[in-house]
Amino acid sequence: MADMTAGSLKRAAPVGARFDPIFRILCLSAATMLLAAISGVLVSLLIGGWPAFSKFGLKFFTSTVWNPVTEDYGGAGPIVGTLITATLALLIALPLAFGVAVYLTEFCPRALRRPIGTAVELLAGVPSIVYGMWGLFVLAPLFAKYVELPLMAAAPPGSVWETLFSGVPNGSGLLMASVILAIMILPYIAATMRELFLTVPVKLRESAYGVGCTSLEVVWSVTLPHVRKSAIGAVMLGLGRALGETMAVTFVIGNSHGFPTGLFDGGSTIASTIANEFAEATSDMHTSALLALGFVLFLITFAVLAIARTLLGQRDHA
Amino acid sequence: MMTRMLAVAVGAALLTGATVAEAATISGAGATAPAPIYQKWAEAYRAKSGTSLNYQGIGSGGGIKQIEAKTVDFGASDKPLAVADLASHGLLQFPTVIVGITPVVNLPGVTPGEMHLTGPVLAQIYLGNIKRWTDPQIMRLNPGKHFPNLPITVVHRSDGSGTTFLYTSYLKAVSPDWGSKVGASDSVQWPAGQGGKGNDGVAAFVKQTPGSIGYVEYAYAKNNNLAYADMADHDGGVVAPNEQSFTAAAAHANWDAASGFAPSLLNQAGAGAWPISGATFILVYKNPPKPAATAEVLKFFDWCYMNGDGMAAQLAYVPLPGPVKAMVRHAWATSVNSPYKPH
């Protein structure tokens, strides 16, 4: 028996030896192509944006002037808008996603697990322009009436809340954009978290229940510590998506350049600015400024994803 | 809006349905605002002649770049090219239809045409200097009216657009203040307000915000039933936005080939001319790299000039005056080096 196995292995070896190098080269070229594409994009964004970077220098990152008439461009408004909306979206989506994931792994009856899981995944499949249109025509009027106006009315005059809840209460602006973004990144975070929670050894959780822990204690003291770092990675993946989201944000953010002062104020993100202006940008400096913004977004997203990779790569031990 | 969208959908469906057997295909790219009428014309023209049009609404900037790169048979732009640019690239520019831009307001109790504004007041509103609907400058123009004491929310286009170009050019023409502080372009640094994407986005924000004012192409104001404002014409009379007042603006302008058929239609002298009107344009080479293809382009637009006015009106575009069409035809015959020579 042992002889036969050895013999068949010996016969198989030459075939494998012949195809292995080809296979390796194919895989290598696939990987190289991807790398080349990414560095190609990065380099062409940098070259395209160079006239803007060299003309405005550091001012490109600090100035809020964005004036196509005088060809004076500063990206502080869109850059800050991008960071604010992505962060707010994360703050809104995180507790919801956590709840969904915990419910699915701890409490959900077996029969409901699949339907709810599928519903969450379906949310991820809705095209972003549909979120934008739905946000503008359906959610925005409701949001204005039931969220923005009551918040404005409730804010004590002269307090920091009054500044925070200032702007035009018509359902467009930074907060609305963040809410839409939160709905969009929710399924990504929830799905990844659920997968992570499932990696917690049953033995550990069952033992915790066995010594009389409540569900809350199990989640808090067993599940969470076990997946803490990976969970941060999952969150970062959601953040990466929120940073680059374009159409849905463009519809509801109110699209004004410059520094937003309140949450109901119009703002802009890097992606929405590019989507708005690229098609009709006729002057070279205008195009260059937009490409430079694209380069900045690339760097921000890259940084976020790199952090996510690092955290996801680390194995936690309970 | 629905009619236009339907027209685009039908046009697109017919275009994809084109069979291989039909030889000639014209390719064009550019402005999005006139895309619905180009699609509608193309669909009718294809049924008639078998020649199909592949038009990509990628924006005026894209249209200009594509024709300069000679990747399309014609480019389309909402913003006319300067005479010097036309000359240096050897391009001929001609208009197809007229569009009118309409200020729209959302004030509880105010009906379409009830409010009356002038260019300078509109500029002050958009500069953020007039902040309330009860401002004396507005009340003076509307004696006897009682507008709600609401703050004014300014709504503008967020995307670069020919509509914005026309609108800001008008504000610049009537208000030195606007000219020095903001200027005119496809997209500008707005001193105040919120930006909606496309005519649809602006119309939606205006509808949802009591106390707001925006500007949209006439068709959107009409189809969305928004309360448009009447404007003062050049001579000081009150004029409402409609096909007649847009046509009047076109009729009074001085069109000629030397200026690239792009006279400013803004604030035209003559009673009853809507002050915020403009044309949208096509660009072809005078010495085309492919004369036969350019001949097909001219043949197509000549057919549209003859048969397309009704279709344009259905979609709320305003056809060109007859004498302008005759002048454009003359330019096709004399200055374009192609086999197509209209009489």
Side-chain angles (χ1 to χ4, degrees), chain A residues 64-74 77 129 132-133 135-145 148 167-173 176 246-258 260 264-268 272-284 286-287 290, chain B residues 30-33 57-65 77-79 81 85 106 151-165 168 172 178-198 200-212:
Chain A
T64 57
V65 175
W66 184 272
N67 192 336
V69 179
T70 57
E71 301 266 31
D72 191 3
Y73 300 102
I129 186 121
M133 285 164 59
L136 177 62
F137 292 110
V138 182
L139 191 57
L142 297 174
F143 195 75
K145 194 170 168 194
E148 295 187 339
V168 184
N170 67 348
S172 74
M176 180 70 209
T246 309
M247 285 323 283
V249 172
T250 308
F251 270 81
V252 296
I253 197 168
N255 299 299
S256 49
H257 295 297
F264 307 154
D265 257 351
S268 61
S272 74
T273 304
I274 297 174
N276 273 324
E277 294 183 16
F278 201 77
E280 302 281 338
T282 33
S283 85
D284 291 342
H286 196 175
T287 313
L290 290 170
Chain B
T32 46
I58 54 172
S60 301
I64 293 168
K65 280 172 197 150
S77 174
D78 284 333
K79 187 175 164 178
L81 287 193
D85 289 335
N106 174 354
I152 299 178
T153 302
V154 167
V155 182
H156 53 75
R157 285 282 288 269
S158 63
D159 46 336
S161 106
T163 310
T164 298
F165 172 71
T168 51
K172 187 180 166 186
W178 184 271
S180 64
K181 285 182 184 146
V182 183
S185 185
D186 304 335
S187 46
V188 298
Q189 175 147 10
W190 296 96
Q194 288 199 322
K197 182 156 170 57
D200 272 338
V202 171
F205 278 163
V206 170
K207 265 185 161 172
Q208 289 164 16
T209 317
S212 62

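Residue numbers begin at 1 in each chain, while the letters A, B, ... track the order of the sequences.
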Item to check | Within 6.0 Å of CE in A/M247, more than 12 heavy atoms from elsewhere | outcome: yes
Checklist entry - Take atom NZ in B/K172; do more than 12 heavy atoms of anything else shown fall under 6.0 Å from it? => result no
Contacting region of [X] [heavy-atom separation from chain A under 4.5 Å]:
{"X": "B/T209", "value": "both"}
{"X": "B/V155", "value": "neither"}
{"X": "B/A192", "value": "neither"}

Item to check | Contacting moiety of A/T287, where chain B heavy atoms sit under 4.5 Å | outcome: side chain
Checklist entry - Using non-hydrogen atoms only, which part of A/D72 is less than 4.5 Å away from chain B: side chain, backbone, both, or neither? => result neither
Next on the checklist: Can a donor-acceptor pair be found, under 3.5 Å and without considering hydrogens, that links the side chain of A/E277 to the backbone of B/G160?
Outcome noted: no
Out of [options], which one racks up the most heavy-atom pairs below 4.5 Å with chain A?
{"options": "B/S185, B/G198, B/S158", "answer": "B/S158"}
{"options": "B/G61, B/G201, B/G30, B/S187", "answer": "B/S187"}
{"options": "B/P210, B/G162, B/A31, B/A204", "answer": "B/A204"}

Just verifying a value: how many Å separate [X] [atom1] and [Y] [atom2], rounded to the nearest 0.5 Å?
{"X": "A/F137", "Y": "B/K207", "atom1": "CZ", "atom2": "NZ", "result": "8.0 Å"}
{"X": "B/I58", "Y": "A/F278", "atom1": "CD1", "atom2": "CZ", "result": "11.0 Å"}
{"X": "B/S212", "Y": "A/N170", "atom1": "OG", "atom2": "CG", "result": "7.5 Å"}

Checklist entry - So do A/S172 and B/Q208 actually touch side chain to side chain, heavy atoms under 4.5 Å? => result no
Next on the checklist: Any non-hydrogen side-chain atom of A/N276 less than 4.5 Å from a side-chain atom of B/K197?
Outcome noted: yes
Next on the checklist: I need the minimum non-hydrogen distance between A/F251 and B/F205, along with the two atoms involved.
Outcome noted: O-CZ, 3.8 Å
Checklist entry - Which pair of non-hydrogen atoms, one from B/G193 and one from A/S256, has the smallest distance, and what is that distance? => result O-CB, 3.6 Å
Item to check | chain B interface, residue from A/A275, A/G254, A/G266 that has the most non-hydrogen pairs under 4.5 Å | outcome: A/G254
Checklist outcome for this item: Of A/V69, A/N67, A/T64, A/T70, the one forming a side chain to side chain contact (heavy atoms under 4.5 Å, CB included) with B/Q189 is A/N67
